[in-house]
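The block underneath contains the structure these notes are about, expressed in structure tokens.
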Amino acid sequence: MVRKKRCVAMLLAGGQGSRLYALTGNIAKPAVSFGGKYRIIDFPLSNCVNSGIDTVGVLTQYQPLILNYYIGNGQPWDLDRNFGGVHILPPYQGKDSSDWYKGTANAIYQNLRFIKQYNPDYVLILSGDHIYKMNYSLMINYHVLNGADCTIAAIDVPIEEASRFGILNTNSDGSIYEFEEKPKKPKSTLASMGIYVFSTKKLCKYLEEDNLNPDSSNDFGKDILPKMLSSGEKMMAYRFEGYWKDVGTIDSLFEANMDLLGDNPKFDVSDTLWKIQSRSPLAPPHYVGDSGKVHNSIIMSGCEIYGTVENSVLASDVIVKKGTVIKNSIIMGDVTIEEDATIDYSIIDEGVKIGKGAKIGCSKNECKGIAVVGRNCKIDQDTVIPGGKIVDKETLKSEGK
């Protein structure tokens with residue numbers, strides 16, 4: 001009896017994430033901290049397991065060290081399997097050639113051998129930089145029921161944002177008759193979420209043809225999907241109506257974190273029926289001292305709060321000393337903030353040390369944008385970093401700080 005899987009998931013996690021600036025200077029975008037407890041990649045990985053998909057290839061490329069270490073053997077997501085499980089798939093040198101992944105389609109093409117060893121009926125393609133909860137099994141069943149060759153998950157977006165996405169134009173039955181990649185004048189607001197289900201044989205056929213085309217950019221949105229559509233393949237749109245956020249920019253990452261706050265958050269990660277698993281750090285319970293005040297905030301294990309924290313998200317092992325005020329901010333793990341500092345409308349990356357009396361960011365109504373302090377920076381006493389400024393270790397060195 002041949003062992004096989006019904007569906008294999010391929011998770012594209014190799015992007016540089018340049019629009020996150022200092023936050024991805026030496027870390028892959030899917031490994032960026034989110035919501036205090038998580039990293040971005042936790043969401044597609046947890047969705048896979050919750051959907052009954054136990055075979056996941058994670059395609060890495062840019063700065064993969066922290067991401068590889070974080071995923072490990074997949075045990076936190078129940079993906080440590082003898083047949084299947086999670087596998088890190090970096091670019092590799094073959095007998096005839098070696099190359100970086102040249103595009104999303106080329107990344108999957110280079111790993112067709114991984115897919116074929118499980119002989120799956122369907123392949124699920126995912127992105128590693130989205131925050132959402134989705135039952136992929138329902139999408140796969142929709143794909144099968146409609147006899148589709150490719151099914152694209154889609155969500156309605158505001159018309160002013162539609163030009164940022166691949167836009168689907170569909171018939172009344174959900175079949176796609178036109179696909180526009182980031183059109184200047186979109187004809188609809190139905191946007192591709194970058195989540196695809198392919199029938200395996202069709203996927204292999206089009207990836208192999210694309211690889212032989214010297215003029216191709218080897219991208220799903222620009223090449224594979226338009227080619228399938230023009231060839232008359234049956235393509236369906238699967239409408240998704242839940243919370244979904246592409247956190248590829250500073251603003252969207254900030255907004256998604258803030259969506260976790262409040263008595264009725266826009267995005268609820270406490271749902272026991274759809275758990276988001278993570279590799280949580282070992283740390284003692286958080287502590288709020290006599291002088292500490294916390295309001296409408298997420299405070300993770302290992303934190304010590306002696307100052308004031310409002311409308312903010314604090315990851316593990318953050319120390320907020322007396323007199324310090326943090327508002328409307330995201331503080332990632334292992335950050336120490338000395339006395340009488342002020343942080344507002346800011347993102348502070350992991351390992352940062354902030355000196356006494358420092359002022360970072362300002363009120364959202366007064367700021368030009370979100371202030372960002374990159375990983376492992378040391379901010380000296382009384383330093384002022386204005387709203388909208390993004391600094392990393394190189395920036396501080398060049399400014400003599």
Side-chain angles (χ1 to χ4, degrees), residues 20-27 32-34 36 66 250-251 253-254 257-258 261 281 283-401:
L20 289 177
Y21 301 99
L23 300 180
T24 50
N26 56 9
I27 185 174
V32 170
S33 176
F34 178 82
I66 292 175
I250 294 293
D251 286 341
L253 179 66
F254 183 89
N257 274 272
M258 294 299 107
L261 300 178
H286 70 262
Y287 173 75
V288 180
D290 287 344
S291 58
K293 297 179 181 178
V294 177
H295 174 71
N296 190 39
S297 297
I298 292 173
I299 309 295
M300 293 308 302
S301 57
C303 289
E304 298 178 24
I305 311 298
Y306 305 98
T308 299
V309 179
E310 297 180 4
N311 304 312
S312 296
V313 176
L314 273 61
S316 296
D317 298 314
V318 174
I319 299 175
V320 180
K321 295 193 176 179
K322 191 173 181 179
T324 282
V325 177
I326 299 172
K327 295 181 178 180
N328 311 304
S329 294
I330 302 165
I331 314 296
M332 299 182 186
D334 193 28
V335 170
T336 299
I337 306 164
E338 298 294 343
E339 294 88 349
D340 302 320
T342 301
I343 300 173
D344 197 353
Y345 197 42
S346 301
I347 299 177
I348 311 299
D349 204 349
E350 298 178 21
V352 171
K353 311 301 177 188
I354 298 175
K356 182 177 180 180
K359 182 178 181 180
I360 300 173
C362 56
S363 170
K364 184 176 180 179
N365 296 330
E366 302 171 357
C367 275
K368 295 180 180 179
I370 300 165
V372 178
V373 178
R375 176 180 293 259
N376 295 326
C377 284
K378 182 180 179 182
I379 307 300
D380 291 337
Q381 179 174 328
D382 297 323
T383 296
V384 175
I385 297 177
K389 186 167 184 178
I390 298 173
V391 301
D392 56 18
K393 294 175 76 173
E394 292 301 315
T395 304
L396 295 172
K397 183 178 180 181
S398 66
E399 294 178 352
K401 296 181 179 179

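Only heavy atoms go into these numbers, but all of them, side chains included; no hydrogens, no water, no symmetry mates. Predicted model only: the values in this text are computed from it and were never measured.
- Contact check for V373 versus I347: no side-chain heavy atoms found under the 4.5 Å cut-off.
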Legend entry - M332/V318 under side chain to side chain contact (heavy atoms under 4.5 Å, CB included): CA gap, chis, key distance, verdict: CA-CA 8 Å; M332 299 182 186; V318 174; over 6 Å; no
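- Here the CD atom belonging to E339 is positioned 9.5 Å from the CD atom belonging to Q381, to the nearest 0.5 angstrom.
- Between I298 and M300, the closest side-chain pair of non-hydrogen atoms falls below 4.5 Å.
- In terms of heavy atoms, V372 sits closest to A22 at CG1-CB, 4.5 Å.
- Inter-residue side-chain proximity for F34 and L253 is flagged as met; some heavy-atom pair is nearer than 4.5 Å.
- Distance CD1/I331 to OG/S297: 10.0 Å, rounded to 0.5 Å.
- Using a 4.5 Å heavy-atom cutoff, the side chains of H286 and S301 are not in contact.
- Using modelled atom types and a 3.5 Å distance limit, the side chains of D380 and T383 yield no donor-acceptor pair.
- Here K321 pairs with E338 under the salt bridge (Lys or Arg N to Asp or Glu O under 4.0 Å) rule; sequence neighbours left out.
- We find the OG-CD1 distance between S312 and I348 to be 10.0 Å, quoted to the nearest 0.5 Å.
- Atoms NZ and OG, from K359 and S346 in turn, are 10.5 Å apart once rounded to the nearest 0.5 Å.
- Side-chain contact check for I326 versus I337: some heavy-atom pair is nearer than 4.5 Å.
- The pair R375-E350 meets the salt-bridge criterion, since a charged nitrogen lies less than 4.0 angstrom from a carboxylate oxygen.
- When all heavy atoms of Y306 and S291 are compared, the pair lying nearest together is O-OG, 2.7 Å.
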Legend entry - CA sep, side-chain torsions, deciding dist, call: V335, D349, side chain to side chain contact (heavy atoms under 4.5 Å, CB included): CA-CA 8 Å; V335 170; D349 204 349; over 6 Å; no
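- No side-chain heavy atom of I319 sits under 4.5 Å from any side-chain heavy atom of C303.
- Looking only at side-chain heavy atoms (C-beta outward), I360 and T342 stay at 4.5 Å or farther from each other.
- A distance of 11.5 Å separates OG of S33 from CG of D334, quoted to the nearest 0.5 Å.
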Legend entry - Stepwise side chain to side chain contact (heavy atoms under 4.5 Å, CB included) test for I370 and I330: CA-CA 10 Å; I370 300 165; I330 302 165; over 6 Å; no
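- The backbone N or O of K393 sits nowhere less than 3.5 Å from a side-chain atom of T395 that would complete a donor-acceptor pair.
- Sorted pairs that involve residues 346-391 and meet ring pair (Phe, Tyr, Trp, His ring centres under 6.0 Å), not counting sequence neighbours, are lacking altogether.
- In this structure, N376 and V352 have side chains that are not in contact, with every pair of non-hydrogen atoms separated by 4.5 Å or more.
- For the atom pair OG1 of T336 and CG of D317, the computed distance is 9.0 Å after rounding to the nearest 0.5 Å.
- Taking both residues in full, the closest heavy atoms of M258 and N311 are given as SD-O, 3.7 Å, listed atom of the first, atom of the second, then distance.
- Pairing each heavy atom of S329 with each of I343, the nearest pair is OG-CG2, 3.6 Å.
- When every heavy atom of G361 is checked against every heavy atom of C367, the shortest pair comes out as C-SG, 4.2 Å.
- More than 12 heavy atoms of other residues, nucleotides or ligands lie within 6.0 Å of NZ in K353, so this atom counts as buried by the packing criterion.
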Inset, instruction - Could you please spell out the steps behind the side chain to side chain contact (heavy atoms under 4.5 Å, CB included) verdict for I379 and L396? - result: CA-CA 8 Å; I379 307 300; L396 295 172; 3.7 Å; yes
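- Remark: side-chain polar atoms of T324 are paired, donor with acceptor, to backbone N or O of A341 under 3.5 angstrom.
- Taking all atoms of both residues into account, the shortest heavy-atom contact from D392 to C377 is C-SG, 3.4 Å.
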